[in-house]
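These notes are about the structure you will find just below.
Order of the sequence lines sets the chain letters (A, B, ...), proteins ahead of strands, with each chain counted from 1.
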Amino acid sequence: MLQLIGVFFLVFGVFFCVMGVIGNIRLPDIFTRLHATSKVSSMGILGLMVASALLVPDSASKAIALGVLVLFSAPVASQAIARSAYRDGCAMVGLAQDDLAVQYIDFSYNYTIGEEVPWQASPDEPEIDPDDPANVDEQLFGAPDEEPRDG
Amino acid sequence: MANRCTHLNQIQKVVPSAQGCEDCLKTGDAWLHLRICLTCGHVGCCDSSANQHARRHYEETGHALIQSFERGENWLWCYIDEMILKPRG
Ligand SMILES: [Zn+2]
Ligand SMILES: [Zn+2]
Ligand SMILES: [Zn+2]
């Protein structure tokens with residue numbers, strides 16, 4: 001029975017290794033390839049380690065320790081490779097939007113609904129007393145009929 | 001990747017054209033979020049809105065840079081480079 005479960009995990013691990021190899025051949029860029037190959041070093045190795053622990057009980061402690069260590073280190077390694085590839089400018093195939101590509105610029109003003117624009121000369125506008133609580137809503141959100149609606 | 005927006009010269013000191021989506025207010029439609037054109041001050045609605053007036057304004061005029069016109073948000077978007085820009089600091 002132990003042997004049967006061991007063989008199951010053997011097949012499980014080999015399956016992930018094969019899928020990783022196929023993915024590495026078929027996928028177009030480093031990021032998607034890493035997605036495939038990181039499964040080899042996590043699920044694949046883990047399956048093989050569990051299998052060897054079951055099939056060769058003498059070395060079970062070694063195999064389990066190895067499996068646990070690989071489980072923790074493999075995702076970290078994959079992430080480090082992906083990050084260095086990104087920083088090096090590796091192209092992403094089929095990229096729709098790069099959320100990490102933020103450019104910081106010298107631009108100070110933040111436009112917001114209802115706020116006074118600093119360089120706007122508005123001599124025609126009636127004076128609003130900022131201390132009058134009745135005016136607070138109008139100051140913040142503009143006249144009621146100009147309020148944005150939901151949806 | 002890691003490209004730079006080359007359209008920053010389009011940014012002008014603008015005055016918001018309306019306190020809601022200019023075009024939606026005319027037709028009485030609803031919008032989700034507001035974006036302001038940094039070239040002429042046109043206030044339009046975002047791509048998640050039904051009418052997408054901000055994008056339509058870019059397609060009509062070529063004004064590529066918009067800023068979010070929503071309270072608490074402070075980011076810019078370039079339609080041509082399709083990237084986010086943020087004010088420094
Ligand atoms: Zn640009
Ligand atoms: Zn609109
Ligand atoms: Zn414009």
Heavy-atom check, side chain of [X] versus side chain of [Y], under 4.5 Å:
{"X": "B:Leu34", "Y": "B:Cys46", "value": "no"}
{"X": "A:Val14", "Y": "A:Phe16", "value": "no"}
{"X": "A:Ile5", "Y": "A:Met1", "value": "yes"}

*asked:* Only heavy atoms, only distances under 4.5 angstrom. Which residues in residues 76-86 of chain B are near chain A?
replied: B:Leu76, B:Trp77, B:Glu82, B:Met83, B:Ile84, B:Leu85, B:Lys86
*Going by residue number, which parts of residues 55-70 of chain B are within reach of chain A, meaning a heavy-atom gap below 4.5 Å?*
B:Gln67, B:Ser68, B:Phe69, B:Glu70
*Give the cluster check for B:Ile36 versus B:Leu25: same hydrophobic cluster or not, with ILVMFWY residues linked at side-chain heavy-atom distances below 4.5 Å.*
yes
_Please check: side-chain N/O of A:Thr37 versus main-chain N/O of A:Gly20, any donor-acceptor pairing under 3.5 Å?_
no
*Is the side chain of A:Arg33 donor-acceptor paired with the backbone N or O of A:Leu27 at a distance under 3.5 Å, no angle test?*
yes
*Taking all non-hydrogen atoms of both residues, which atom of B:Val43 and which atom of B:Gly20 are closest, and how far apart?*
CG1-O, 3.3 Å
*Distance-only side-chain donor-acceptor flag, B:Gln12 / B:Thr39, under 3.5 Å*: no
_Is a donor from one side chain sitting under 3.5 angstrom from an acceptor on the other, for B:Thr27 and B:Asp29?_
yes
